[in-house]
Trainee: 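The structure follows.
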Amino acid sequence: MGTVHARSLDPLPMQGPELGVQADDMDFGEPEHEEKQEVLENKDVVVQHVHIDGLGRTKEDILTYEIADVFRAKNLIDVMKKSHEARQRLLRLGIFRHVEVVIDTAEGADALPNGLDVTFEVKELRRMTGSYNTMVGNNEGSMVLGLKLPNVFGRAEKLTFQFSYGTKETSYGLSFFKPQPGHFERNFSINLYKVTGQFPWSSLRETDRGVSTEFSFPIWRTNHTLKWEGVWRELGCLARTASFAVREESGHSLKSSLSHAMVIDTRNSTILPRKGALLKINQELAGYTGGDVSFLKEDFEIQLNKTLFWDSVLSTSLWGGMLLPLGEKPSCIADRFYLGGPTSVRGFSMYSIGPQSEGDYLGGEAYWAGGIHLYTPLPFRPGRGGFGELFRTHFFLNAGNLCNLNYGEGPRAHLSKLAECIRWSYGAGIVLRLGNIARLELNYCIPMGVQSGDRICDGVQFGAGIRFL
């Protein structure tokens, strides 16, 4: 399951650029003549020509947008800076294995005394690439096999097939990704997928077969994603001991929904940030484009991080969401929110807070969760400047609640119900950052505010994932 609180299955994120290529130090060619070098250092320059060597199937028009700023440079320092930025943009396209830059004095009959030539030496990726890796989710792991066709039509398009086999989820899907030339952040993707997941906390098995289209674009400092999804869902019992409430939810349903997501992210890291803030707002409307499931779903996430004295970091976070069924049918167990576990309200077992029936947790239509965290270096700083920097001591206080609402009672009654029976916990532990991929937590938790039916994890609790409260 991709997120902590959302119950419905999501396809693997197969679209989008690969940002794993890191920029190396640039190799700038040195001017041949000392006199010209003095002129370039002391006076304005003109970039006369920009060459791209090594192109095969890539169309030149898409690269023109990425290197256009180099022509606007006015001095040598500016040329170096804009060439480096253009190199980063070329790597971001995900179609080149590596890109090198050479800056030299202009040559030829039209060469000016202060003219420069900039050459980008590129090496394209193969027409087909395969990959094998592991993926860490929220307290689950998976093996991922991928087959990619980068730069299919020569303009940074990408066709991807991906198969994932995990501890709780198995999936495969086909994805096509197309960026807008000159505006890589504006991109369009189509996904076909099948996902089968097991959710033992609900004694539920879910199989999703679906298609989705997404359009992503930036506006000022925000990033937006518009999405349509059509999915055929099949729910069944995971065990013979499943409660009657879960058996009642079993069967087939067809969901067609429109959703919008807005993200503002100024954090310096997504895994263990030291500064910056995050704001995510999601809206989903199902039923108006077809299907037999109708609801309006809203949820948000806020995170603030600030560096304190002695290399410590204070982090605060707040999650919340509401699900409003439309029509006479009640909400589906696959669409409700879930809360609890080592990646959200620690000290409780995975998704074991809120409404339940005979030991099966049914999720809720409204929730909130908040946390305050203090991250400090290890005592006495072992491995300082090296391996020890991957570890942090962790002190936390978490709280939250999840319930169902009677939407006829009004906002004041809703807030009152969400303020009742608050679960909370506190504790301390160790955090290990696994690069920019995931993080591991080993905490000693003391759960408080436990309600009847909640399942707790009093003592040591292990968590692995990307998104933590």
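FYI, the numbering just counts along the sequence from 1.
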Trainee: So, using salt bridge (charged side-chain N to carboxylate O under 4.0 Å, His left out) as the criterion, who are the partners of D458 when residues are at least two apart?
Mentor: none
Trainee: Run the salt-bridge test on D78 and K81 with the 4.0 Å N-O cut-off and return the result as yes or no.
Mentor: no
Trainee: Could you pull out the closest heavy-atom pair between S83 and V101, with the gap in Å?
Mentor: CB-CG1, 4.0 Å
Trainee: Taking only residues two or more places apart in sequence, or in another chain, which ones meet S257 in a side-chain contact (heavy atoms from CB on, under 4.5 Å)?
Mentor: E229, K255, E284, A286
Trainee: Inspect the contact between D335 and R233 and indicate whether a charged nitrogen and a carboxylate oxygen are less than 4.0 angstrom apart.
Mentor: yes
Trainee: With distance as the sole test, does Q356 use its side chain to make a donor-acceptor pair with the main-chain N or O of G359 at under 3.5 Å?
Mentor: yes
Trainee: Over all heavy atoms of both residues, which pair between N398 and I372 is shortest? Give the atoms and the distance, please.
Mentor: ND2-N, 4.5 Å
Trainee: Provide the closest heavy-atom pair for E441 versus P342 in the form atom of the first, atom of the second, distance.
Mentor: OE1-O, 4.1 Å
Trainee: Tell me, please, which residues at least two apart from K194 pass side-chain contact (heavy atoms from CB on, under 4.5 Å).
Mentor: Y172, T196, T207, R209
Trainee: Would you please name every residue forming a ring pair (Phe, Tyr, Trp, His ring centres under 6.0 Å) with F396, sequence neighbours left out?
Mentor: H394
Trainee: Atom OH in Y367, atom CZ in F337: separation rounded to 0.5 Å?
Mentor: 6.0 Å
Trainee: For W201 and Y361, I'd like to know if the aromatic rings sit close, meaning centre-to-centre distance below 6.0 Å.
Mentor: no
Trainee: Quick check for you: to the nearest 0.5 Å, what is the distance between L405 atom CG and L323 atom CG?
Mentor: 9.5 Å
Trainee: For S202 and L204, indicate whether the former's side chain and the latter's backbone hold a donor-acceptor pair under 3.5 Å.
Mentor: no
Trainee: With heavy-atom distances below 4.5 Å as the criterion, would you say the side chains of T376 and W310 are in contact?
Mentor: no
Trainee: Taking only residues at least two apart or on different chains, which pairs with a member in residues 118-128 satisfy side-chain hydrogen bond (donor to acceptor under 3.5 Å, both in side chains)?
Mentor: T58-E124
Trainee: With side chains defined as the heavy atoms from C-beta onward, is the minimum distance between V79 and V118 less than 4.5 Å?
Mentor: yes
Trainee: Using the salt bridge (charged side-chain N to carboxylate O under 4.0 Å, His left out) criterion, which residues pair with R381? Sequence neighbours excluded.
Mentor: D311, E389
Trainee: Start with the C-alpha gap between R92 and E185, add the side-chain angles, then the distance that decides, and say whether salt bridge (charged side-chain N to carboxylate O under 4.0 Å, His left out) holds.
Mentor: CA-CA 10 Å; R92 182 185 59 173; E185 296 82 2; 2.7 Å; yes
Trainee: State whether the side chain of E298 and the backbone N or O of I281 hold a donor-acceptor pair below 3.5 Å, judged by distance alone.
Mentor: no
Trainee: Apply ring pair (Phe, Tyr, Trp, His ring centres under 6.0 Å) to H224 and list each qualifying residue two or more places apart in sequence or on a separate chain.
Mentor: F217, H260
Trainee: Restricting to salt bridge (charged side-chain N to carboxylate O under 4.0 Å, His left out), what partner residues turn up for R221, sequence neighbours left out?
Mentor: none
Trainee: Would you please name every residue forming a side-chain contact (heavy atoms from CB on, under 4.5 Å) with S256, sequence neighbours left out?
Mentor: W228, T289
Trainee: Mind checking whether K227 and S212 have side chains closer than 4.5 Å, heavy atoms only?
Mentor: yes
Trainee: Could you tell me whether the side chain of T307 and the main chain of R274 form a donor-acceptor pair under 3.5 Å?
Mentor: yes
Trainee: For M143 and Y132: C-alpha separation, side-chain torsions, deciding distance, then whether side-chain contact (heavy atoms from CB on, under 4.5 Å) applies.
Mentor: CA-CA 8 Å; M143 175 191 70; Y132 165 79; 3.2 Å; yes
Trainee: Test side-chain contact (heavy atoms from CB on, under 4.5 Å) on V263 and L278 and set out the steps.
Mentor: CA-CA 7 Å; V263 179; L278 169 70; 4.0 Å; yes
Trainee: Does the side chain of C403 reach to within under 4.5 Å of the side chain of L418, using non-hydrogen atoms?
Mentor: yes
Trainee: Which residue is it: R346, Q303, H373? I am looking for the one with a side chain to side chain contact (heavy atoms under 4.5 Å, CB included) to F468.
Mentor: R346
Trainee: Calculate, to the nearest 0.5 Å, the distance between atoms OG and CG belonging to S164 and L145 respectively.
Mentor: 8.5 Å
Trainee: Could you check whether S331 and E365, counting side-chain N and O atoms only, form a donor-acceptor pair closer than 3.5 Å?
Mentor: yes
Trainee: Indicate yes or no for a side-chain donor-acceptor contact from S344 to the backbone of G340 under 3.5 Å, with no hydrogens or angles considered.
Mentor: yes
Trainee: Does F387 have any ring pair (Phe, Tyr, Trp, His ring centres under 6.0 Å) partners at least two apart in sequence or in another chain, and if so, which?
Mentor: F391
Trainee: First locate atom OG1 of T266, then atom CG of N305, and finally report the distance between them rounded to the nearest 0.5 Å.
Mentor: 8.5 Å
Trainee: Is a donor on one side and an acceptor on the other found under 3.5 Å between the side chain of T222 and the backbone of I219?
Mentor: yes
Trainee: Regarding S175 and T160, do their side chains bring together a donor and an acceptor under 3.5 Å, going by distance alone?
Mentor: no
Trainee: Working to the nearest 0.5 angstrom, can you tell me the gap between L258 CG and Q283 CD?
Mentor: 12.0 Å
Trainee: Just do the side-chain contact (heavy atoms from CB on, under 4.5 Å) check on T213 and N191 with the steps written out, would you?
Mentor: CA-CA 6 Å; T213 60; N191 307 284; over 6 Å; no
Trainee: Salt bridge or not between R155 and E60? Use side-chain N to carboxylate O under 4.0 Å.
Mentor: no
Trainee: Just by modelled atom types, is the A261 backbone N or O under 3.5 Å from a matching donor or acceptor in the N282 side chain?
Mentor: no
Trainee: How far does CE of M350 sit from CZ of F199, to the nearest 0.5 angstrom?
Mentor: 10.5 Å
Trainee: Atom CZ of residue position F215 - does it have more than 12 heavy atoms of other residues, nucleotides or ligands inside 6.0 Å?
Mentor: yes
Trainee: Where the side chain of E157 meets the backbone of F153, is there a donor-acceptor pair that is under 3.5 Å apart?
Mentor: yes
Trainee: Within the structure provided, determine whether N404 and P355 are in side-chain contact (heavy-atom separation under 4.5 Å).
Mentor: yes
Trainee: E249: which residues meet the salt bridge (charged side-chain N to carboxylate O under 4.0 Å, His left out) condition with it, sequence neighbours left out?
Mentor: R336
Trainee: Given F120 and E100, is the side-chain contact (heavy atoms from CB on, under 4.5 Å) satisfied, shown in steps?
Mentor: CA-CA 6 Å; F120 292 90; E100 301 296 336; over 6 Å; no
Trainee: Using salt bridge (charged side-chain N to carboxylate O under 4.0 Å, His left out), reason through D265 and R267 one step at a time and then give a plain yes or no.
Mentor: CA-CA 6 Å; D265 194 352; R267 299 174 298 173; 3.0 Å; yes
Trainee: Answer whether the closest heavy-atom distance between the side chains of I52 and V122 falls below 4.5 Å.
Mentor: yes
Trainee: Between K280 and D299, does at least one N-O distance fall below 4.0 Å, as a salt bridge requires?
Mentor: no
Trainee: Do the side chains of S315 and P273 get nearer than 4.5 Å, heavy atoms only?
Mentor: no
Trainee: Not counting sequence neighbours, which residues clear side-chain contact (heavy atoms from CB on, under 4.5 Å) with L272? List them please.
Mentor: Y375, R392, V431, R433, R439
Trainee: In the structure I gave you, are the side-chain heavy atoms of T343 and L469 within less than 4.5 Å of one another anywhere?
Mentor: no
